[in-house]
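All chains are named by letter (A, B, ...) in the order of the sequence lines, taking the proteins before the strands, and each is independently numbered beginning at 1. Everything quoted here is computed from the prediction, not taken from an experiment.
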Protein chains: 2
Amino acid sequence: MSPFQPFGRLSTMASSAERGTRERIIAVAEESLGDRGYHGTRLHVIAERVGIQKASLFHYFASKADLYHAVLGEGVVESEQAIRRVLESKASPAEKLRALLESYVDMVATHPARTKILLRQSLGDVPNESTAEPERLLGLVAGFVSDGQKAGVFAPLDPLALALGVIGMVAFFFTSTTVLAPGWHDATDTERIKRHVVEMVERCLKVGDRAKADRPCAVRA
Amino acid sequence: MSPFQPFGRLSTMASSAERGTRERIIAVAEESLGDRGYHGTRLHVIAERVGIQKASLFHYFASKADLYHAVLGEGVVESEQAIRRVLESKASPAEKLRALLESYVDMVATHPARTKILLRQSLGDVPNESTAEPERLLGLVAGFVSDGQKAGVFAPLDPLALALGVIGMVAFFFTSTTVLAPGWHDATDTERIKRHVVEMVERCLKVGDRAKADRPCAVRA
DNA sequence: GTCTATATAGGGATAGAC
DNA sequence: GTCTATCCCTATATAGAC
């Protein structure tokens, strides 16, 4: 669940209380980092919400930046797992495409804070000058699209630009409606958004101008 | 150029130095607000870059938040002008669509900082709880798409979702490549991005499956 | 492992001379 | 209109008792 914790974790684990507290801190921090950004996040607020004193945070994390990176870790790992699960399945390219999109929308819907952090990260909102690593996941997806195009299943269109665009589109869409178009969607509208995104991308890649009919069950995340 | 300045501006204008300084402050602030966000922006840095003392900023702006809003103003006004210019032209819907997209991409390309601020705004990165006003401009564009759909020129697709998606896609695209895919585009690649975006949206609205051939010169921003 | 108390620094904002 | 100097608050981080 938390692959980014130090190796010594298992051996030095003290009480179950410690583990729980650490994870609650991360959860609360994720929320705040998404809503307020790194610079806008106040440690004393996190402590307050967790129900501990501010000083106690420093027992679990060496610094604010340390806590930030702990939060980042989880999201990346889980996303990569979801992507690989789809790509390594035995579905058709069109099915995989659909599954990737739905899985991504699901992720955004279930982890809005994580999505906001991604957006903020792309804006350079990171501790100091710790450059956000060039995304490996991006290449994974772009490669899949590229392969499909070579095979003639997808229409030509810059794969990297498409992938980036979709990420931005969905992320902005979710986060912005709260502010720019309040009431447009609520928690139950995820399926609607999913359909919208799938429809858009399929039109862009001209999927199913003949193949759309035979679409069985897609891989789920 | 700066429609948000107080009315008394013309009569109280003292020296040309004052005007120049105020505008330079705004320009520098826009840069910083884009790069570091509201909370990450440091007034002393702005002052330093402008070449004045921090205290002098307060001669022009009552507070940091005040400065922030001054920066916001310009962008909104200019964008609205650009949109109206296109929509009120005598072009075909397909041409207007293309012009809107190109004009938007141009805006993002020429004002990257402004775009970042928009993204940050959608994330709620604003002074305190000054809610970002529900975008009027959004309705303008969505209405245009909707009209085109009723007229049968554009394929059915939620107009508001499309508009939001495009905004997010382009914005994220520009700002993120710097971080996530460095070297993917440079300043001269704007045309390439423009073509990409236009192509995507046209496929989504199924423009030009027959009309794409007769496309004269589009309205420029 | 959690607390209280405090160190240290930095940032927004003001006072008042020039 | 710009400066120097400073106030005041808040935020991160540390010290050390329990």
J.: Determine whether a donor-acceptor pair (N or O, by modelled atom type, separation under 3.5 Å) exists between the side chain of A:Lys54 and the backbone of A:Ala47.
T.: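 Absent.
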
J.: When you measure from the side chain of A:Ser63, which nucleotide among D:dC3, D:dA13, C:dG11 comes out closest?
T.: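 Given the options D:dC3, D:dA13, C:dG11, the side chain of A:Ser63 is closest to D:dA13.
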
J.: In this structure, how many angstroms lie between the P atom of C:dG11 and the OH atom of B:Tyr38, rounded?
T.: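 These atoms are roughly 14 Å apart.
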
J.: When the distance from CG of A:Leu43 to C1' of D:dT14 is rounded to whole Å, what number comes out?
T.: 14 Å

J.: Distance check needed: D:dT2 C1' versus B:Arg22 CZ, whole Å only.
T.: 17 Å

J.: Suppose we call two aromatic rings close when their centres sit under 6.0 Å apart. Are B:Phe172 and A:Phe172 close by that rule?
T.: no

J.: Just compare C:dG12, C:dC3, D:dA13 and give me whichever is closest to any side-chain atom of A:Phe58.
T.: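 So the nucleotide nearest the side chain must be D:dA13.
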
J.: Do B:Arg195 and B:Glu191 meet the salt-bridge criterion of a basic N to acidic O distance under 4.0 Å?
T.: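 B:Arg195 and B:Glu191: not salt-bridged.
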
J.: Pick one: which of B:Arg120, B:His69, B:Gln121, B:His39 meets side-chain contact (heavy atoms from CB on, under 4.5 Å) with B:Val126?
T.: B:Gln121

J.: Would you kindly check whether a donor in the side chain of B:Lys54 faces an acceptor in the base of C:dG12, or vice versa, at under 3.5 angstrom?
T.: yes

J.: Which one, C:dA13, D:dG1, D:dA13, comes nearest to the side chain of A:Lys64?
T.: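 For A:Lys64, the side-chain atoms sit closest to D:dA13.
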
J.: Has B:Ser56 got a side-chain N or O lying under 4.0 Å from the OP1 or OP2 atom of D:dC3?
T.: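 The answer is yes; a side-chain N or O of B:Ser56 sits under 4.0 Å from OP1 or OP2.
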
J.: Which listed nucleotide (D:dC3, C:dC3, C:dT2) is nearest to the side chain of A:Thr21?
T.: C:dT2

J.: Provide, to the nearest angstrom, the distance between the NE2 atom belonging to B:His44 and the C1' atom belonging to C:dG10.
T.: 8 Å

J.: Between A:His59 and C:dT2, is there a side-chain N or O to OP1/OP2 distance below 4.0 Å?
T.: no

J.: For B:Ile25 and C:dG12, what is the distance between atoms CD1 and C1' respectively, to the nearest whole Å?
T.: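 Going from B:Ile25 (CD1) to C:dG12 (C1'), I get 15 Å.
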
J.: Can you tell me how far the CD1 atom of B:Ile46 sits from the NZ atom of B:Lys64, to the nearest 0.5 Å?
T.: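 Those atoms lie 8.0 Å apart.
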
J.: With the side chain of A:Ala55 defined as its heavy atoms from C-beta on, choose the nearest nucleotide among D:dA13, C:dT4, D:dC3.
T.: C:dT4

J.: Side chain of B:Ile52 only, heavy atoms from C-beta on: which candidate in D:dC3, D:dT2, D:dT12 is closest?
T.: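 The listed nucleotide nearest to B:Ile52's side chain is D:dC3.
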
J.: Taking atom C1' of D:dT12 as reference, at what distance in whole Å does atom CG of A:Asp66 sit?
T.: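 Rounded to whole Å, this separation is 14 Å.
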
J.: How many whole angstroms separate atom CD1 of A:Ile46 from atom C1' of D:dT10?
T.: 16 Å

J.: For the pair made of CZ in B:Arg24 and C1' in D:dG1, what is the distance, rounded to whole Å?
T.: 13 Å

